[in-house]
Amino acid sequence: MRILPPSEVRNLRHALPFWLSLLTVPLAWAGIVKGGWAVFLLPLFTWGLFDILDYLLGLNSDSADPQTAEKDLFWYRLITLIWAPIQLSIQFGAIWYVTRVSPLAAWELIALFFGIGVIAGAVGIVYAHELLHQRNRGERWLGDILLASVLYSHFRSEHLLVHHRHVGTSRDAVSARYNEGFHRFFLRVLSSCPGSAWRAERAMLARAGRPVWHPTNPFWRYGALQALMICAAFAFGGWLGVALFLWQALVAIWQLELVDYIEHYGLTRRHLGEGRYEHVLPRHSWNASHRASNWLLINLQRHSDHHYKPDRRFPLLQAHEADVAPQLPHGYPTMGVLALIPPLWRRAMNPHVRAWRRRFYPDITDWSGYNRGTLPHPRGSD
């Protein structure tokens with residue numbers, strides 16, 4: 001693994017590959033205006049092209065010096081800062097165009113807004129995730145806007161207050177269990193995470209001596225932003241516009257949770273007894289060093305380092321070696337396709353989980369409680 005000096009990191013040439021998401025803009029508008037086969041361009045770009053590029057370009061374990069100054073990261077930060085207006089223009093521009101200017105056939109609308117949802121999930125929510133972890137209030141607002149544009153605002157509370165604190169335990173709904181298929185996982189997450197996020201915020205307010213209806217409860221902001229998005233969809237396209245907006249939001253959420261499923265599948269922290277668990281370590285996240293998909297997903301696949309330093313900006317995330325953190329056999333795009341077919345997923349991943357258990361926890365002989373998620377919740381959890 002090579003450590004890149006700040007002089008190389010701040011070079012625009014090094015940052016430009018992370019701007020490949022901008023190619024989705026002309027592809028989206030081609031589908032909106034032309035219809036027909038062009039409505040399939042967005043999923044083909046994110047899933048097909050980046051699968052191919054990962055195999056052609058291989059792995060990249062180079063890491064930037066984590067002490068690189070904030071001022072040297074301008075070109076990386078900029079793509080995340082400008083994405084919210086870009087995504088909103090695609091979402092609402094598409095609704096306006098297909099409902100008022102040039103109607104498409106039903107199958108074209110379904111395919112087109114499926115692709116828009118894939119981009120809103122694979123790019124928009126990934127960028128929102130980066131923004132929400134920063135201390136800058138403006139960046140956090142941009143993250144909230146992106147999440148509201150897919151009606152998944154509670155993800156901020158669930159991710160920051162529950163997932164990062166309880167990852168790899170029975171308390172974290174988005175830590176996929178061993179042998180749990182994606183479709184069952186998806187339904188479980190949809191049903192449990194909104195309430196979990198609400199309880200986490202309620203507990204935080206209680207610790208500050210504030211009632212749940214206090215103005216600082218972020219659920220007020222979540223509700224207002226999401227209501228604004230639905231009203232905008234109606235203003236641009238009537239009830240059909242609302243239906244299309246809801247469809248792309250569901251697809252974006254599905255895309256996000258597909259990634260969540262991959263990131264921690266089968267990985268658990270050791271239960272120490274009495275609701276206590278070991279600290280989060282790099283071994284508790286799956287990683288992928290595939291060059292192209294890390295460009296598209298702004299290094300999200302360096303997930304172990306993200307859990308180690310959650311506010312570390314994406315260009316500074318470090319690649320971990322296989323003896324420290326488990327590695328996926330393929331990048332997220334390929335793994336996502338496998339996850340949609342549970343028998344193929346289990347055939348591909350279960351041997352890796354079992355090897356991980358032998359390497360890091362050879363003394364644990366009974367994994368049944370970990371597999372079922374029935375071990376006690378972490379002590380002090382909400």
Side-chain angles (χ1 to χ4, degrees), residues 1-29 42 45-46 49-50 53-54 56-90 118-147 149 259 287-320 331-333:
M1 183 177 71
R2 186 168 67 101
I3 300 297
L4 305 177
S7 58
E8 185 171 346
V9 173
R10 65 171 172 260
N11 191 302
L12 175 60
R13 179 183 59 82
H14 191 270
L16 277 179
F18 294 103
W19 286 62
L20 284 172
S21 57
L22 287 182
L23 294 178
T24 62
V25 178
L27 297 179
W29 281 101
L42 288 176
F45 177 77
T46 53
L49 178 61
F50 280 88
L53 289 177
D54 270 345
L56 292 178
L57 301 179
L59 307 180
N60 174 33
S61 60
D62 293 348
S63 299
D65 184 343
Q67 301 304 315
T68 302
E70 182 95 349
K71 62 181 177 62
D72 293 328
L73 304 179
F74 172 78
W75 292 111
Y76 305 88
R77 293 181 59 205
L78 186 59
I79 183 59
T80 65
L81 296 176
I82 66 174
W83 187 257
I86 291 173
Q87 180 170 303
L88 292 175
S89 68
I90 293 173
V118 167
I119 295 304
V123 178
I125 300 183
V126 171
Y127 287 10
H129 169 260
E130 169 76 9
L131 294 164
L132 292 172
H133 273 288
Q134 307 310 318
R135 296 186 177 92
N136 182 284
R137 189 174 181 181
E139 287 180 285
R140 294 199 301 271
W141 262 101
L142 287 172
D144 280 335
I145 291 170
L146 284 169
L147 290 179
S149 74
V259 170
N287 293 264
S289 296
H290 298 78
R291 188 185 303 270
S293 48
N294 266 322
W295 287 340
L296 178 67
L297 300 172
I298 56 172
N299 281 341
L300 184 67
Q301 298 174 140
R302 296 185 171 189
H303 208 60
S304 290
D305 201 56
H306 169 66
H307 274 273
Y308 172 64
K309 288 285 188 181
D311 60 349
R312 179 173 281 171
R313 293 194 182 273
F314 77 85
L316 303 184
L317 291 172
Q318 304 294 292
H320 289 283
Y332 282 10

(request) Evaluate the side-chain proximity of T80 to L131: yes if any heavy-atom separation is below 4.5 Å, no if none is. (result) yes
(message) Is the shortest side-chain heavy-atom distance between V9 and L73 below 4.5 Å?
(response) yes
(request) Taking N294 for its side chain and A288 for its backbone only, find out whether a donor-acceptor pair lies under 3.5 Å. (result) yes
(request) Compare all side-chain heavy atoms of L300 with those of H306 and state whether any distance is below 4.5 angstrom. (result) no
(message) Less than 4.5 Å apart, side chain to side chain, heavy atoms only: is that true for I82 and I79?
(response) yes
(request) Check whether any side-chain N or O of D54 sits under 3.5 Å from a backbone N or O of S293 as a donor-acceptor pair, and report yes or no. (result) yes
(request) Determine whether R77 and Q134 make a side-chain contact, defined as any pair of heavy atoms from C-beta on separated by less than 4.5 Å. (result) no
(message) Determine whether a donor-acceptor pair (N or O, by modelled atom type, separation under 3.5 Å) exists between the side chain of N287 and the backbone of S304.
(response) yes
(message) Would you say that W83 contacts L22 through its side chain, given a criterion of any heavy-atom pair below 4.5 Å between the two side chains?
(response) yes
(message) Which label fits H14 and F18: parallel for a plane angle under 30°, tilted from 30 to 60°, or perpendicular past 60°?
(response) tilted
(message) Between R2 (side chain only) and S61 (backbone N and O only), is there a donor and an acceptor less than 3.5 Å apart?
(response) no
(request) Show your reasoning for whether side-chain contact (heavy atoms from CB on, under 4.5 Å) applies to Y332 and H303. (result) CA-CA 12 Å; Y332 282 10; H303 208 60; 4.2 Å; yes
(message) Closer than 3.5 angstrom, by distance alone: can the side chain of Q318 be matched with the main-chain N or O of L316 as a donor-acceptor pair?
(response) yes
(message) Surrounding CH2 of W75 (heavy atoms of other residues, nucleotides or ligands, distance under 6.0 Å), is the total greater than 12?
(response) no
(message) Any non-hydrogen side-chain atom of V123 less than 4.5 Å from a side-chain atom of Q87?
(response) no
(message) Is there a side-chain contact between F314 and R302 in this structure, where contact means two heavy atoms from C-beta onward sitting under 4.5 Å apart?
(response) no
